[in-house]
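What follows is a short report on a single structure.
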Amino acid sequence: MSDAGYDHAAVERRWQEAWDDADAYRTPDDVEDPTYVLGMYPYPSGKLHMGHVRNYTITDAYARYRRMTGDEVLHPMGWDAFGLPAENAAKERDTNPRDWTFDCIDTMRGQMESMGFGYDWDREIATCTPEYYQWNQWLFSRFHDEDLVERRDADVNWCPECETVLADEQVEGGESPEGSQGGGEAAELCWRCDTPVEQRELEQWFLKITEYADELLEDIDDLEGWPNSVRQMQRNWIGRQYGAEVDFEIEDHGPVTAFTTRLDTIYGATFFALAPDHPISEELAEEDEGVRHFIEEEADPDGDEPNGVETNLTATNPATGEEIPVYVADFVLSDVGTGALMAVPGHDERDHAFAQKMGEEIVPVVAPEPEEVEETEAPDVSEEAFTDDGVLVNSGEYAGLESETAREQLIEDIDSAEHTAQYQLRDWGISRQRYWGTPIPVVHCHDGCGSVVVPDEELPVELPAFINTTGNPLDAAEEWKRTTCPECGGEATRETDTMDTFVDSSWYFLRYVSPDLADAPFDLEQTNDWMPVDQYVGGIEHAVMHLLYSRFFTKVLADHEGLDHREPFTNLLAQGMVQLEGEKMSKSKGNVVSPQRIVEEYGADTARLFMMQAAQPERDFDWSEEGVRSTNAFLTRLKEMVEDFSADEPDGEEDAIARYVAAEIDATIAIAGSEYDDLTFNRALRETQDLTRTLRQYAAYTEPHADTYERGLSAVVRLLAPVAPHIAEELYDELGHDGLVVDAPWPSAEIDHEHVRKRRQLVANTREDVRDIVDVAGIEDPQAIDVVVAPDWKYDALEIAIESDADNLIGELMQESHIREQGDAAADYGQDLQAEREALSRTLEPDAEHDALESAAWLLEREFDAAVSVRSADEVDESVLKNAAPGRPAIEIED
RNA sequence: GCGAGGGUAGCCAAGCGGUCAACGGCGGCGGACUCAAGAUCCGCUCUCGUAGGAGUUCGUGGGUUCGAUCCCCUCCCCUCGCACCA
């Protein structure tokens with residue numbers, strides 16, 4: 001009946017109450033520098049899913065581990081509580097976002113408690129409370145003071161039916177259907193009402209993250225505790241590129257700046273191209289029907305084909321002085337570089353394609369690096385552009401220079417040319433035309449003061465009551481909107497946009513330090529002590545946005561608010577997905593395993609333990625009901641072992657077997673500890689389960705030595721405690737310990753890892769050899785097995801062989817009289833050593849080998865049901881010793 | 001196209017210069033226990049082998065080394081991110 005499990009519900013309830021009573025997870029404000037362990041706070045959707053459970057089990061296990069090793073730990077939890085889903089849910093249910101959100105929070109907090117996550121709930125935050133979001137507004141104001149806020153026009157997705165801006169992910173059908181050959185791009189539709197989405201230009205608020213682009217990029221190098229993938233994604237996202245800006249003179253329009261990374265190819269610039277929305281293109285459109293038609297009807301920036309139209313203008317190539325035609329082309333993007341480019345068809349693939357289409361001249365100006373002494377020869381670029389660096393040709397005085405040198409030289413020589421860096425990173429538009437977010441603390445004065453930031457003493461600007469309307473509820477809140485200008489006292493209207501919720505999450509980790517502070521977002525001194533977050537854990541989907549914004553905020557706060565840290569997260573773990581049959585769990589696919597069901601059926605400890613042992617935290621893994629069952633069975637068996645032990649304490653000897661078990665206990669403790677340090681819970685748990693098996697075998701084979709056995713059980717319980725805390729408390733108590741396992745000291749063991757490795761290897765090899773012999777020799781029923789450790793002189797010989805660099809090893813060995821005395825045996829062994837000369841490594845000492853084998857003899861006895869004796873060399877006949885070597889005992893089996 | 005990470009026995013998956021024919025798990029096979037099933041426990045699971053042996057393996061093809069799954073190069077394939085980026 002062992003598969004019936006144990007009464008997990010009772011166990012979990014009991015210890016959750018005990019933790020509550022003991023305030024076990026509280027981190028008092030006066031601790032100096034706690035280990036800060038943090039999981040990315042969730043959006044309160046109302047239901048914990050497997051991804052959450054995995055995320056928070058990782059942080060919880062690590063926090064508990066660090067607590068047991070003696071650290072003070074800060075492990076808080078909060079809610080990313082603003083966001084559109086609450087508005088939609090409120091409309092559907094005829095309630096309001098606030099009530100709905102807090103209902104969800106209550107439910108999820110309950111689920112987290114039932115999972116046994118140990119949070120300091122006194123530090124809980126919810127971003128939708130004025131106590132929190134007032135600091136978003138305050139920070140906005142500080143950013144504004146530092147000129148890091150800007151209001152400007154931006155293109156947004158606009159649904160005319162709903163009268164609101166849509167996020168990109170709320171626009172559906174943007175991609176043309178698979179396989180459709182250029183046939184009609186699918187229209188972009190509003191996810192709610194299927195109305196075609198329009199592009200609108202609206203005034204939006206931006207945070208100037210680009211001011212920090214260089215530092216954000218360069219500091220990535222120092223984030224050694226972050227996964228490479230995330231670091232690389234951030235580098236790509238920032239996308240810095242060094243190049244040059246250079247002016248081309250266009251008649252009647254003055255100098256037009258182009259950005260290029262290949263200034264060395266300027267002699268090959270045979271035409272010039274402008275983005276369709278470049279100011280000059282727009283001017284031209286007013287008088288040139290062809291250009292207007294192209295911009296309005298033909299330009300397709302998303303298509304594969306480069307399209308364009310020739311204008312009646314020419315531009316002057318500043319290097320050659322030649323007049324080259326100017327095109328308006330849709331492959332030129334206004335938000336890349338300057339929105340204008342010098343086209344070099346000989347050395348750029350896209351320019352090449354366009355030149356072929358338009359019949360423009362293609363001139364090679366860079367030749368491949370000549371091999372050896374061969375002549376530089378212009379490449380054939382009629383069919384394909386040559387895009388590598390090389391040596392300049394057809395480039396006037398620059399011919400013969402290498403690309404790199406030529407670029408520098410040209411920057412010097414061309415007046416308008418200068419070094420510039422180009423970034424892919426854009427400023428962060430934070431305006432959202434929605435209700436459930438932080439009101440942007442700005443009023444628009446009717447009397448000419450413009451947009452005025454609300455003074456600090458008038459913060460927070462609180463959200464008005466929710467109005468169920470199609471557009472932005474804030475826009476409909478007439479009374480709320482009407483206000484006075486802080487500067488002139490005249491009539492004014494409130495800004496009706498709210499902030500992107502990523503603003504909330506860009507500093508929430510600071511708020512946990514002093515969540516109730518009334519006069520600042522965080523207590524500076526305490527935050528300087530407690531930050532940065534030592535271990536941050538969350539999904540890879542936040543690799544760029546959230547993590548980049550948080551870094552940005554941290555740097556701004558360091559520059560202007562006295563924060564002593566320039567990076568928020570020292571170590572980052574991007575946890576893998578929980579899958580089902582190789583597929584991501586998702587509601588739409590209907591392949592979701594509910595954590596609630598698992599907790600009800602098997603208990604929180606089983607769910608947690610199964611997840612942590614299934615794979616390394618950063619790997620995806622498959623949920624397996626079978627695995628869950630066997631995990632549950634493991635815990636049940638362990639519980640029985642502990643109960644059996646305390647009901648009837650054994651009375652065995654501290655014999656060789658006990659010594660074997662004791663050594664395994666030490667080894668397990670040491671290995672598991674270092675695996676916990678590395679967050680490789682799966683390996684720590686494997687070791688722990690192996691030890692449990694060893695203990696069970698021990699008890700099954702003989703009457704265990706009580707102290708040894710108990711030490712083993714106690715170690716297993718504590719090694720399991722970070723991951724399966726409830727059952728660990730139960731068993732720790734059953735074993736008669738005082739106090740909670742939460743506060744228990746982590747078991748310690750001093751071992752020599754190399755020694756353990758060799759000992760385990762020796763035992764495993766010897767068992768394997770015995771099996772081999774029994775099998776190959778066809779021994780039906782072995783009666784006695786003798787295991788004989790090699791004579792001391794072989795160990796000496798091995799040592800000499802390792803140390804020696806003499807050509808003639810045998811000669812060297814024979815200089816030792818006690819080896820020479822062995823005669824032929826010495827010569828034979830010497831030859832073996834010589835043959836493997838380069839691969840030799842030290843074994844255990846003879847005594848240690850003897851001891852290891854002796855203490856493991858019971859494993860052989862048990863397996864083969866035969867008497868096993870471990871002997872030293874001097875106890876046996878010389879003929880037996882031929883096969884004995886250091887690390888490999890001779891084996892004699894009696895049939 | 002650029003960048004990052006990968007390709008290991010039926011499957012999943014460790015190892016990352018020498019005890020590696022390669023940890024562990026799943027699946028499969030055999031055995032113990034059981035009336036039986038399940039659970040548990042013990043083996044086996046590349047090929048050949050009547051005393052611990054030998055042979056062929058770690059995407060492909062080369063190279064470095066006394067020695068390579070492990071290091072270097074070529075190519076092929078997979079996953080992820082970025083991309084008409086000037």
Side-chain angles (χ1 to χ4, degrees), chain A residues 1-4 227-237 239 241 243-244 258-263 265 269 273 275 300-307 329-333 335-344 347-351 353-354 387 422-424 540 543-544 582 613-616 619-622 624 626-627 629-630 633-634 636-637 680 682-683 686-687 689-690 693 696-697 700-701 757-758 760-762 764-779 835-841 843 859 862-865 883 885 887-893 895:
Chain A
M1 289 299 279
S2 69
D3 55 338
N228 278 335
S229 56
V230 174
R231 297 162 82 186
Q232 194 55 37
M233 281 161 77
Q234 294 213 349
R235 287 192 191 103
N236 286 344
W237 188 262
Q241 221 177 0
F259 176 80
T260 178
T261 54
R262 291 299 303 275
L263 193 60
T265 62
D300 175 19
D302 298 324
D304 292 333
E305 272 282 288
N307 302 306
D330 62 2
F331 67 88
V332 186
L333 306 177
D335 59 351
V336 173
T338 59
L341 61 82
M342 64 174 214
V344 185
H347 302 281
D348 179 279
E349 283 167 25
R350 192 201 40 238
D351 295 348
F354 190 75
T387 57
Q422 169 69 26
Y423 300 86
Q424 206 161 291
I540 188 78
V544 175
Q613 72 175 22
Q616 286 180 25
R619 279 240 162 67
D620 296 344
F621 79 94
D622 256 20
S624 141
E626 187 52 49
R629 270 196 288 272
S630 83
F634 166 78
T636 306
R637 265 179 272 131
T680 41
N682 57 326
R683 296 206 199 114
R686 188 161 89 190
E687 283 292 327
Q689 293 189 328
D690 281 351
R693 182 195 297 202
R696 197 165 48 241
Q697 290 170 344
Y701 184 72
R757 216 201 81 236
K758 286 175 178 165
R760 286 183 166 180
Q761 190 86 53
L762 174 69
N765 285 351
T766 306
R767 294 177 71 186
E768 186 67 37
D769 281 346
V770 173
R771 281 178 207 129
D772 262 5
I773 295 168
V774 167
D775 183 43
V776 175
I779 299 169
E836 292 175 70
R837 195 74 186 274
E838 308 284 345
L840 297 173
S841 63
T843 62
L859 295 168
R862 197 180 53 130
E863 185 175 336
F864 295 96
D865 197 20
N883 288 327
R888 182 162 222 211
I891 297 165
E892 291 289 305
I893 300 174
D895 209 338

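Small disclaimer: the values here were computed from a predicted structure and weren't measured. The sequence lines fix the lettering, A, B, ..., with proteins before strands; numbering per chain opens at 1. No hydrogens, no waters, no symmetry mates; every other heavy atom, side chains included, goes into these values.
- A gap of 15 Å separates the P atoms of B:U57 and B:U47, to the nearest Å.
- If A:Glu768 and A:Phe259 are placed on RNA chain B by their nearest nucleotide, the residue sitting closer to the 5' end is A:Glu768.
- As rounded to the nearest Å, B:C76 and B:G67 have C1' atoms that lie 28 Å from one another.
- A:Leu762 comes within contact range of no nucleotide atom at all, as no heavy-atom separation falls under 4.0 Å.
- Counting distance only, with no hydrogens placed and no angle test, the side-chain atoms of A:Asp772 and the base atoms of B:G52 include no donor-acceptor pair under 3.5 Å.
- When both pairing distances are held under 3.5 Å, B:C82 makes a Watson-Crick or G-U pair with B:G1.
- The partner of B:U56 is absent, by the rule that a Watson-Crick or G-U pair needs both atom distances under 3.5 Å.
- Here, B:C48 and B:U64 have their P atoms 36 Å apart, quoted to the whole Å.
- No contact: A:Leu840 has no heavy atom under 4.0 Å from any strand.
- In this structure B:G38 sits in no base pair that meets the Watson-Crick or G-U test at under 3.5 Å.
- At the phosphate of B:A14, neither OP1 nor OP2 sits under 4.0 Å from any side-chain N or O atom of A:Arg686.
- As rounded to the nearest Å, B:C41 and B:U8 have C1' atoms that lie 30 Å from one another.
- Rounded to a whole angstrom, the distance from the C1' atom of B:G28 to that of B:C46 is 15 Å.
- The nucleotide whose nearest atom lies closest to any side-chain atom of A:Arg696 is, among B:G5, B:C41, B:U50, B:C41.
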